[in-house]
Amino acid sequence: MKKYLQYCWLCPCSHPCYVADIITYASQMVPQFISGDASLDQWDEFVAQLKDMSIEECIKAEQSAYDRCMA
């Protein structure tokens with residue numbers, strides 16, 4: 001029987017709006033870094049913005065869901 005990831009919707013970082021904002025921001029910025037339209041001097045600012053958007057909490061929630069799935 002297949003196991004599926006279970007998301008905890010009580011955790012604010014797993015709320016779709018937070019994740020959607022992070023995905024939108026990253027999908028806009030990463031190509032700019034690759035193409036050179038955004039300087040790599042801005043990388044630390046990019047990472048700080050992702051942290052301000054609670055990416056670390058979202059990663060923890062995703063990892064927790066994955067760990068439960070694999071258990």
Side-chain angles (χ1 to χ4, degrees):
M1 174 178 227
K2 289 186 178 181
K3 295 181 181 181
Y4 296 94
L5 295 179
Q6 299 174 13
Y7 296 93
C8 175
W9 297 106
L10 299 175
C11 175
C13 62
S14 63
H15 190 276
C17 293
Y18 286 52
V19 174
D21 291 345
I22 291 169
I23 291 170
T24 298
Y25 178 62
S27 67
Q28 290 171 353
M29 291 303 298
V30 169
Q32 290 181 33
F33 285 117
I34 293 170
S35 68
D37 291 337
S39 169
L40 290 178
D41 293 335
Q42 297 172 307
W43 182 258
D44 290 338
E45 187 179 315
F46 169 68
V47 172
Q49 179 63 33
L50 289 173
K51 288 180 180 181
D52 287 345
M53 297 171 84
S54 302
I55 194 168
E56 291 173 327
E57 288 78 12
C58 290
I59 291 170
K60 287 177 189 175
E62 293 288 330
Q63 185 64 52
S64 177
Y66 176 78
D67 292 344
R68 288 192 307 272
C69 176
M70 299 309 291

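Atoms considered below: every heavy atom in the structure, side chains included; atoms not considered: hydrogens, waters and symmetry mates.
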Given 3.5 Å as the limit, does a donor-acceptor pair link the side chain of T24 with the main chain of A20, or not?
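Yes, because the side chain of T24 sits within donor-acceptor range (under 3.5 Å) of the backbone of A20.
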Determine the minimum heavy-atom distance between M53 and I22, stating which atoms define it.
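Closest heavy-atom pair between M53 and I22: O-CD1, 3.4 Å.
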Looking only at heavy atoms, what is the nearest atom pair of A26 and P31, with distance?
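A26 and P31 have their closest heavy atoms at O-CD, 4.0 Å.
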Residues two or more places apart in sequence or in another chain: which of them pass side chain to side chain contact (heavy atoms under 4.5 Å, CB included) with [X]?
X: S39; answer: D41, Q42
X: Q32; answer: M29, D37, A38
X: Q63; answer: Y66, D67

How long is the straight-line distance from NZ of K51 back to CD of E57, given to the nearest 0.5 Å?
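The NZ atom of K51 is 10.5 Å from CD of E57, to the nearest 0.5 Å.
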Rounded distance [0.5 Å steps], CG in D21 versus CG in L50:
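Spacing of CG (D21) from CG (L50) equals 11.5 Å.
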